[in-house]
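Small disclaimer: the values here were computed from a predicted structure and weren't measured. Start at 1 and go down the list; that is how both ligands and their atoms are numbered.
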Amino acid sequence: MAPIFATVNWTDGTLDAPGMRSLVKKLGQLKQVFSDQSAHAQMDPETVVYRVWWWEPVEAGTEGGLFWGTTEILPGKVGKEFFMTHGHQHAIRDRAEFYGTVSGEGMLVLRDENGKTWYEPMRPGSLHYIPGRVAHRTVNTGEMPFRFIASWPSDAGHDYDVIATEGLGARVIEKDGKAVFVKDGEQ
Ligand code: PAN
Ligand code: ZN
């Protein structure tokens, strides 16, 4: 097998890989994920919220393979809610994932299949194991771009439907100048 060669810059998370893929998510594509609909309506739908660059060294769907990617969430808020990713479960539910923080500060919001919701603070160097069957979303709670690296199974797939309709059971909002994790139904 020919060697597969890619490089990652561990200081800023940037990736250089053969056939690298990327996507951009703008505010207009994330309408339903933020709670303050009137604040959302007043913002420019072209505002970039996050970007993902990733490497698929094997074909998507390959059992036993791995993918590698960098996510950057820009700083910002919709109303009091910090910019965040859409959030998902893996389509093959038992597939786990690693996240490792490169720069900035954020929170990893998690929800298991029993509806239990919790979070892990993300800081440069923090490493996060997301078990299978756990829905996940990341939030930029700082004033700088927030970047983290992820590695996930090539057959995991992404299921966005549950998060789009039900959310994750909690939101991260600014209160008195601080990022606060607030469970649904709490103040
Ligand atoms: C990550 C996420 C990435 C963007 O690579 O896909 O951070 O978040 P959304 O997929 O929720 O938009 C990952 O968890 N892959 O499985
Ligand atoms: Zn994932």
Numbered in order shown, the ligand 1 atoms found under 4.0 Å of a heavy atom of H90 are 16 (O)
The angle formed at the Zn ion (ligand 2) by NE2 of H88 and OE1 of E97 is about (to 10 degrees) 170°
the protein heavy atom lying closest to atom 13 (C) of ligand 1 turns out to be E97 OE2, 2.9 Å
Salt bridge present between K26 and D44 (N-O < 4.0 angstrom): no
If we number the atoms of ligand 1 from 1 as shown, the ones under 4.0 Å from a heavy atom of Y160 are 9 (P), 10 (O), 11 (O), 12 (O)
### Message
Within the 4.5 Å heavy-atom criterion, are D161 and I163 side-chain neighbours or not?
### Response
no
Discussion item. When you measure from the side chain of R111 to the backbone of G167, do you find a donor-acceptor pair of N or O atoms at a distance under 3.5 Å?
Written reply: yes
Nearest non-hydrogen contact to atom 8 (O) of ligand 1 from the set T70, T85, V33 belongs to T85
Among side-chain atoms of T62 and S154, is any donor-acceptor pair under 3.5 angstrom? no
So is R137 touching ligand 1 or not, going by heavy atoms under 4.0 Å?
no
Distance col, row T71:OG1 vs W54:CH2, nearest 0.5 angstrom, shows 9.5 Å
For Y99, the ligand 1 atoms with a heavy-atom partner under 4.0 Å come out as 1 (C), 13 (C), 14 (O)
So the atoms of ligand 1 within less than 4.0 Å of a heavy atom of Y50 turn out to be 4 (C), 9 (P), 12 (O)
At the Zn ion (ligand 2), NE2 of H90 and NE2 of H136 open up to roughly (10° bins) 100°
In this structure, atom 11 (O) of ligand 1 is nearest to the protein heavy atom G87 N, 2.8 Å
(request) Look at ligand 1 and say whether V52 reaches it with a heavy atom at a distance under 4.0 Å. (result) yes
Atom 7 (O) of ligand 1 has as its nearest protein heavy atom T71 OG1, 2.8 Å
Closest to atom 2 (C) of ligand 1 among protein heavy atoms sits H88 CE1, 3.7 Å
(Q) Can you tell me how the ring of H86 sits relative to the ring of Y160, calling it parallel under 30°, perpendicular over 60° and tilted otherwise? (A) perpendicular
Salt bridge or not between D36 and K80? Use side-chain N to carboxylate O under 4.0 Å. no
Ligand 1 atoms nearer than 4.0 angstrom to some heavy atom of H136 are 14 (O)
*asked:* Classify the ring geometry of W152 against F67: parallel below 30°, tilted from 30° to 60°, perpendicular beyond 60°.
replied: perpendicular
Subject >> F83 and F34 aromatic ring geometry - parallel, tilted or perpendicular at 30°/60° bounds >> reply: tilted
